[in-house]
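Following: one structure in structure tokens, then a few remarks.
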Amino acid sequence: MAKVKVYQATYDDLEELIPRVFRDFPFSFKNKRVFIKPNMLSARRPEEGVTTNPKLVKEIVKYILAEGGEVLVGDNPSLMGEGIQMRVGEKTGIKEASLGKFCDITRNPRLVKVPELGELAVSSEILDCDILLSLPKFKTHPLTILTGAVKNMFGILVGVEKPRLHYRFPTPKEFSSVLPLIYEIRRPDLTIIDGIIGMEGFGPSNGTLRVINRLIVSRDGYACDWVMAQMVKVEPERLEFLNQAEKRGLFLPKEITVEGDFITVEKFKLPIKVGDNLLSRSFLKLLYHPVRYKRIRIEKKRCRLCSLCVQICPKSALMIKGKGLKYKRKDCIACFCCQEVCPEGAIKPA
Ligand code: SF4
Ligand code: SF4
């Protein structure tokens with residue numbers, strides 16, 4: 001059975017509520033490496049409701065530290081570039097809410113082979129943790145209608161890996177088929193959807209805030225999203241990523257049990273969904289075309305051919321050939337690991 005529990009909540013209740021959540025969904029945190037993955041889509045203030053509220057992050061960090069766990073907090077934002085994760089962390093309030101446990105997870109990717117997708121660069125901090133807690137935001141999305149637990153795990157991908165998949169799988173149907181594959185790379189051990197203030201309409205960045213006053217919690221993220229859909233009266237069958245997951249035997253709707261303070265949110269505004277037709281496909285292909293991704297540039301005059309960047313590059317996009325450093329732009333995922341190790345300052349963001 002996939003238990004989903006819905007809790008009535010405000011951001012001011014969380015100090016009292018979070019211990020209750022972990023009584024209902026117990027873990028042994030002592031000496032465990034716990035990774036907390038909020039939604040840090042972009043550098044927006046907490047009150048804009050685009051990203052997971054920092055008060056939720058803070059109460060969870062506090063609780064796990066008190067239980068003796070080792071905590072890390074981070075995400076791969078949608079934009080790439082030097083220091084972007086820190087900037088997003090600061091603006092969203094999540095860095096401060098992490099009580100010194102915020103970390104840049106864009107710098108140490110590891111390649112994971114997914115049979116249907118090939119090799120993908122994933123943040124190693126997420127792959128290496130003992131317990132993964134996912135904290136998505138309750139929002140709308142033009143490709144998936146709703147974005148919550150499953151879509152939040154798309155953020156385990158580093159750098160341009162995300163737009164690259166958007167480019168390869170541009171339409172709602174194609175993109176939805178990818179989401180469960182990413183989710184299954186590392187299933188979260190618990191998902192807590194921040195639905196205290198959700199977003200309707202033109203989400204995930206420019207919608208209208210909607211007070212829902214609920215957290216949706218489950219060990220099964222598919223079940224969380226299924227319940228989220230029920231709350232806003234969207235037939236879960238309309239969520240193609242859930243259909244795909246069900247087809248693959250990854251979750252069974254009939255096994256979901258719902259407890260707690262379930263409500264229906266009346267007249268919740270859905271986004272204008274992008275179509276699966278050829279026109280939409282061409283537009284989305286253009287939007288995510290690889291020439292648009294910022295990557296790196298090499299100042300050849302400064303390079304001393306020490307090969308440190310070659311050794312650290314997770315995608316083998318750099319190599320020393322003859323008397324020069326060669327760069328394969330198409331393989332680069334813009335993780336900027338090379339820039340970090342270069343002792344000569346020869347690598348810069350493009
Ligand atoms: S070239 Fe640099 S930025 Fe690109 S993938 Fe390799 S290490 Fe990352
Ligand atoms: S790390 Fe810097 S100096 Fe060394 S090979 Fe790479 S670009 Fe050149």
Side-chain angles (χ1 to χ4, degrees), residues 35 37 40-43 72-90 102-129 153-169 178 181-182 185-186 285 287-350:
F35 193 91
K37 193 217 165 288
M40 284 174 47
L41 178 66
S42 55
L72 287 178
V73 181
D75 191 14
N76 289 290
S78 64
L79 289 176
M80 293 142 287
E82 173 61 7
I84 188 77
Q85 207 228 16
M86 286 295 164
R87 284 206 295 285
V88 173
E90 275 158 21
F102 189 76
C103 73
D104 186 345
I105 63 167
T106 65
R107 296 305 177 98
N108 194 16
R110 204 152 73 227
L111 295 182
V112 174
K113 208 168 204 158
V114 178
E116 297 88 337
L117 304 174
E119 280 189 335
L120 299 173
V122 177
S123 291
S124 55
E125 294 83 353
I126 288 179
L127 296 172
D128 293 338
C129 70
M153 297 315 289
F154 198 53
I156 69 173
L157 302 177
V158 172
V160 299
E161 210 68 281
K162 288 193 290 291
R164 217 148 47 180
L165 282 178
H166 273 296
Y167 179 72
R168 283 173 64 194
F169 303 93
V178 168
L181 303 176
I182 307 296
I185 291 175
R186 176 59 169 95
K285 277 276 203 197
L287 188 68
Y288 291 109
H289 196 281
V291 295
R292 297 169 64 97
Y293 315 156
K294 281 191 179 164
R295 294 189 177 92
I296 57 156
R297 66 187 164 82
I298 299 161
E299 288 187 7
K300 289 191 176 156
K301 276 190 198 149
R302 289 184 170 222
C303 176
R304 298 279 173 268
L305 296 179
C306 70
S307 88
L308 285 176
C309 58
V310 176
Q311 291 164 40
I312 203 155
C313 177
K315 294 291 266 188
S316 304
L318 293 164
M319 69 206 72
I320 291 175
K321 264 199 177 162
K323 288 188 178 166
L325 179 65
K326 296 278 174 269
Y327 171 50
K328 280 204 274 179
R329 191 179 186 279
K330 76 170 180 41
D331 291 339
C332 174
I333 55 163
C335 64
F336 301 103
C337 297
C338 51
Q339 186 200 13
E340 197 157 85
V341 297
C342 177
E344 307 297 332
I347 298 178
K348 302 270 189 306

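In listed order, ligands and their atoms are each counted from 1.
Formation of a donor-acceptor pair under 3.5 Å by the Asn108 side chain with backbone atoms of Ser124 is not found in this model. A donor-acceptor contact shorter than 3.5 Å is absent between the side chain of Ser123 and the backbone of Pro109. A donor-acceptor contact shorter than 3.5 Å is absent between the side chain of Lys113 and the backbone of Leu120. Distance alone, capped at 3.5 Å, is enough to place a donor-acceptor pair between the Lys348 side chain and the Gly345 backbone. With hydrogens and angles ignored, the 3.5 Å screen pairs no side-chain donor or acceptor of Glu116 with any backbone N or O of Val178. Remark: side-chain polar atoms of Arg110 are not paired, donor with acceptor, to backbone N or O of Asp128 under 3.5 angstrom. Using a distance-only test at 3.5 Å, with no hydrogens or angles considered, no donor-acceptor pair links the side chain of Asp75 to the main chain of Lys37.
Counting protein heavy atoms only, atom 2 (Fe) of ligand 2 is closest to Cys342 SG, 2.3 Å. Shortest contact from atom 6 (Fe) of ligand 1 to any protein heavy atom: Cys313 SG, 2.3 Å. Looking only at heavy atoms of the protein, atom 8 (Fe) of ligand 2 is closest to Cys303 SG, 2.4 Å. Protein heavy atom closest to atom 3 (S) of ligand 2, with residue, atom name and distance, is Arg304 N, 3.4 Å.
Under 4.0 Å is where a charged nitrogen must lie from a carboxylate oxygen, and between Lys315 and Glu161 at least one such pair does. Salt-bridge annotation for Glu299 and Arg302: present, with a side-chain N of the basic residue lying under 4.0 Å from a carboxylate O of the acidic one.
Within the 2.8 Å limit, Cys338 places at least one N, O or S atom next to atom 2 (Fe) of ligand 1. Residue contacts to atom 4 (Fe) of ligand 1: Cys332 brings an N, O or S atom closer than 2.8 Å. With a cut-off of 2.8 Å, atom 8 (Fe) of ligand 2 has no N, O or S atom of Cys309 in range.
Here is the list of ligand 1 atoms found below 4.0 Å of a heavy atom in Leu318: 1 (S). Close approach of ligand 2 to Ile347 (heavy-atom distance below 4.0 Å) involves ligand atoms 7 (S). Counting the atoms of ligand 2 from 1 in the order shown, those under 4.0 Å from a heavy atom of Glu344 are 3 (S).
Proximity annotation for atom 4 (Fe) of ligand 2: of Gly324, Cys306, Pro343, Cys306 comes nearest, heavy atoms only.
Residue contact annotation: Ile333 has a non-hydrogen atom under 4.0 Å from ligand 1.
Only the side chain of Leu325 comes within 4.0 Å of ligand 2, counting heavy atoms alone; its backbone N, CA, C and O stay farther away.
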